[in-house]
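I have placed the structure first, in the form of structure tokens, so that the comments after it can refer back to it.
Atoms considered below: every heavy atom in the structure, side chains included; atoms not considered: hydrogens, waters and symmetry mates.
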Amino acid sequence: MIYEVNFNICALIIYLFTVYYMAVKKNTYKLQNRFFFAITIACVVCTLADIVNAMFLNVRVLPTMLSMMETQGVDSVFRNTLMQALSLNMTMLFANAPVAVQKALMYVSIYTYLLPHNLLPPLFCFYIMHVLGLTSKRKKSFFALLCLPFCCSLLLVATNPFTHIVFYYDQSLFYNRGPAMFALYTVALFYIIMDIVCVVRYSNALSSTKSFALLLFVISCVLAIVLQYFFQNILIELFVESIALLCILFTIENDSEIYNNVTHVYNRSAFLMENTASIETKTEYTVVLVKLLNMAYYNSILGYNFMGGVAQEVSLYLTSVSSRESVYDCENGNFAIVLYHTSPEKTGRLVKTLRTHFADDLTHKDINIPFTTQICVINLPHDINTVEDLMVLVDTASTKTGTRVSLMSGIQMKLLQRKAAVEKAVQRALSNRSFKVFYQPIWNCQTGRIHSAEALVRIFDEELGDISPEEFIPIAEKNGTIFEIGEYVFENTCRMFSKEGLKNIGIQFIEVNLSPVQCMRKNIADTFRAILEKYSVSASSINLEITESAAISNPEMFLQTMQELRNMRFTFSLDDYGTGYSNASYIFNLDFDIIKLDKSILWQAGEKATAKIILDNTIRMIKQMNLKIVMEGVETEEQKNIVSRMGVDYCQGHLISKPLDESSFIEFCKEFNRNSI
């Protein structure tokens with residue numbers, strides 16, 4: 001039998017390229033990378049040994065083959081060509097060597113092939129488990145048992161010179177498989193099954209591309225073994241595996257996607273992948289966050305190039321106190337250290353070291369930079385158990401404490417976790433359309449009747465219960481869901497106004513809150529117009545309530561949006577006047593119809609004489625501008641009488657009514673206005 005080595009030569013080229021690529025990229029920081037590098041080196045050795053062994057075997061069979069050809073009358077030119085193709089100088093030297101030497105060389109080559117070849121299945125199994133994050137979860141005893149099949153196969157190969165149970169060479173030095181060769185294939189099959197089980201069971205721990213790359217390699221190994229079994233003279237097994245290994249190199253081992261070229265540590269994407277795998281496999285580990293809270297400030301003052309050098313020095317320091325494979329740059333001055341198999345004592349010493357280091361100014365190019373640093377220790381999955389919650393902790397900084405270095409407290413962590421939980425509740429409410437719109441009546445001080453109402457959105461979540469809009473609206477504004485929530489409230493309000501005929505019971509309009517973020521949306525006028533037409537409601541039946549922050553955030557876009565809506569006959573209220581950014585210039589520079597005074601002004605007026613003077617003069621100023629006034633937070637008869645005497649037009653608060661659901665609101669207004677005639 002003549003062995004075809006061309007496929008092995010191609011495989012050797014691919015393996016050598018892989019080794020060169022990893023060496024040039026210096027891609028051996030993580031244990032995962034080192035496993036892959038070891039697999040590649042083992043494949044190189046296997047391929048070289050297989051080529052040499054095949055050439056030795058070809059030389060042994062060549063004389064017999066040429067004699068058979070001559071007997072059968074095969075053309076001499078063809079025989080000479082075959083002789084030249086297979087009889088290289090080295091192999092001819094081998095053919096002329098003593099039989100004992102030939103036998104020794106053949107045994108060396110086959111053992112050089114078999115030993116690393118039998119190492120490949122367990123090595124790749126460990127590689128897959130490490131990629132999936134399983135090595136940090138399992139105990140040492142598990143890996144000892146996992147190595148047992150390999151140790152058995154190793155024992156069979158090591159004792160083969162005495163037992164000839166795996167393979168042997170006959171008197172003519174022809175290669176023959178022994179009865180234990182089947183055992184080696186069985187061991188390989190065991191590890192292949194382990195590979196498939198791990199990849200399928202924990203497929204969510206990896207992207208679909210990477211899961212496919214791992215499965216492709218395992219399946220390729222199986223197909224290669226089958227092909228090799230049926231076509232023993234065509235050495236194709238290692239070639240097929242080399243192609244599959246190349247796929248892994250450019251997917252799982254491709255650091256260009258997960259490596260930060262500025263700080264020279266793993267980036268945010270790598271952090272996400274690492275934690276996704278570890279959380280999915282329920283691994284217990286620790287993440288230490290180092291958050292440089294004033295990084296954005298220094299970026300604006302010193303420039304991104306300069307601060308890139310600072311971030312590089314921070315990364316270098318973090319790798320010096322931990323390891324390069326555990327440090328991640330999560331962007332915007334947020335760094336993370338991922339620790340496996342650590343103890344609270346070791347973590348405590350690390351945190352102490354970090355606090356001492358960041359308590360001093362960092363110096364870069366003779367410039368001292370005093371960072372305000374926050375350190376957070378997170379034990380997963382005890383403290384949190386989702387990647388989403390972890391990234392909230394990474395991206396959100398708690399209130400600065402006034403100290404140079406602070407530890408994030410358990411309370412602060414709980415607040416951030418609550419924020420993540422509320423964000424999920426908002427998503428659930430949008431998916432289930434489970435938002436509830438309530439309406440709080442607004443009382444007319446002159447007529448004594450319910451004149452209008454404010455639409456208020458609420459969430460009643462199955463997991464979190466009632467969630468206040470003060471809590472979920474800011475979150476919705478940041479993640480963009482405020483647009484869907486705003487449209488939901490606007491449409492429900494228009495539907496109710498159309499259905500119930502509110503003007504027949506004295507309700508002139510409904511106030512709908514317009515978020516500052518909504519004001520920045522260019523097509524908001526078109527969206528509102530379509531909803532009004534759907535329910536045949538006039539825009540004058542809706543009063544849009546806006547806070548001052550909407551005008552401040554983007555004044556040009558706000559004025560344009562406001563004018564488009566004003567052209568549609570919407571009216572406008574300025575909400576919460578008297579707090580935050582309150583500035584009288586917004587009242588006369590912007591075209592508002594109603595000014596809503598914040599409840600805090602009224603409540604302070606009941607306690608302080610100066611606050612009462614401010615309230616009185618504020619009302620007088622607004623009335624002189626011919627604007628209507630709504631007093632929020634009216635809870636007692638005394639408060640109602642005070643603001644009525646001062647000239648307030650409307651009152652809103654629990655004295656008149658708390659926010660009511662649609663049906664209760666309708667009944668309340670009918671009854672109240674009927675009794676007020």
Side-chain angles (χ1 to χ4, degrees), residues 133 136 258 260 262-263 265-279 283-299 307 310-344 346-359 362 371-401 403-421 423:
S136 302
I258 61 174
N260 190 301
V262 175
T263 54
V265 293
Y266 289 100
N267 62 16
R268 184 183 180 92
S269 297
F271 184 73
L272 280 167
M273 289 188 291
E274 180 76 17
N275 287 278
T276 299
S278 297
I279 290 174
T283 303
E284 293 184 2
Y285 65 108
T286 300
V287 174
V288 178
L289 298 179
V290 179
K291 304 163 72 64
L292 307 179
L293 302 184
N294 46 353
M295 177 66 87
Y297 168 76
Y298 288 121
N299 279 333
M307 291 309 296
V310 175
Q312 186 179 38
E313 291 188 14
V314 171
S315 299
L316 185 63
Y317 169 74
L318 294 178
T319 58
S320 71
V321 296
S322 53
S323 66
R324 189 161 191 171
E325 68 180 63
S326 64
V327 177
Y328 298 81
D329 182 349
C330 298
E331 301 175 0
N332 303 318
N334 297 315
F335 296 85
I337 302 174
V338 179
L339 304 171
Y340 296 100
H341 303 300
T342 188
S343 64
K346 288 183 179 179
T347 304
R349 287 194 294 270
L350 174 62
V351 170
K352 184 178 179 180
T353 302
L354 293 173
R355 294 187 71 173
T356 302
H357 178 78
F358 288 102
L362 297 182
F371 274 115
T372 302
T373 308
Q374 185 179 69
I375 299 173
C376 179
V377 179
I378 310 164
N379 295 306
L380 295 96
H382 179 265
D383 294 332
I384 56 178
N385 55 15
T386 67
V387 174
E388 290 80 7
D389 290 352
L390 177 61
M391 296 314 296
V392 168
L393 293 177
V394 170
D395 295 331
T396 307
S398 64
T399 305
K400 297 180 182 180
T401 60
T403 59
R404 286 285 296 272
V405 183
S406 62
L407 283 175
M408 184 182 288
S409 66
I411 294 176
Q412 292 169 323
M413 195 180 298
K414 292 295 182 184
L415 289 174
L416 293 179
Q417 288 178 254
R418 168 71 182 185
K419 179 180 177 181
E423 188 167 4

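Remark: side-chain polar atoms of Asn334 are paired, donor with acceptor, to backbone N or O of Val394 under 3.5 angstrom. Without hydrogens or angle criteria, Arg268 side chain to Asp329 main chain gives no donor-acceptor distance under 3.5 Å. Looking only at distances, no side-chain donor or acceptor of Asn379 sits under 3.5 Å from a matching main-chain atom of His382. Checked by atom type and distance alone, the side chain of Lys291 pairs as donor or acceptor with a backbone atom of Leu393 at under 3.5 Å. A donor-acceptor pair under 3.5 Å is formed between the side chain of Asn267 and the backbone N or O of Ser269.
Summarising the geometry of Val265 relative to Val327, their closest heavy-atom pair is CB-O, 3.7 Å, with the distance given to 0.1 Å. Scanning both residues, Arg355 and Ile375, for their nearest heavy atoms gives CG-CD1, 3.7 Å. Between Val287 and Ala336, the shortest heavy-atom contact is CG1-CB, 4.2 Å. Scanning both residues, Leu318 and Val290, for their nearest heavy atoms gives CD2-CG2, 4.4 Å. Nearest heavy-atom pair, Leu350 versus Ile337, reported as atom, atom and distance to 0.1 Å: CD2-CD1, 4.3 Å. Annotation for Thr342 and Lys346: closest pair OG1-CB, 3.6 Å, computed over non-hydrogen atoms.
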List the steps and the verdict of side chain to side chain contact (heavy atoms under 4.5 Å, CB included) for Phe371 and Val310. CA-CA 11 Å; Phe371 274 115; Val310 175; 3.7 Å; yes

Given Glu331 and Asn260, is the side chain to side chain contact (heavy atoms under 4.5 Å, CB included) satisfied, shown in steps? CA-CA 10 Å; Glu331 301 175 0; Asn260 190 301; 5.7 Å; no

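Rounding to the nearest 0.5 Å places CG of Asp383 at 11.0 Å from CG of Asp389. We find the OG1-CG distance between Thr372 and Asn294 to be 4.0 Å, quoted to the nearest 0.5 Å. The distance from the CG atom of Leu380 to the CD1 atom of Ile279 is 5.0 Å, given to the nearest 0.5 Å. With values rounded to the nearest 0.5 angstrom, Leu272 atom CG is found 9.5 Å from Glu388 atom CD. Separation of atoms CD (Glu313) and OG1 (Thr263) is listed at 12.5 Å; rounding is to 0.5 Å. The distance from the CG atom of Leu390 to the SG atom of Cys330 is 8.0 Å, given to the nearest 0.5 Å.
Between Tyr328 and Tyr266, the ring planes lie tilted relative to each other; the angle falls in the 30° to 60° range.
Counting heavy atoms from C-beta on, the side chains of Phe271 and Val338 come closer than 4.5 Å.
Using a 3.5 Å distance cut-off with no hydrogens or angles, the side chains of Asn275 and Tyr285 do pair a donor with an acceptor.
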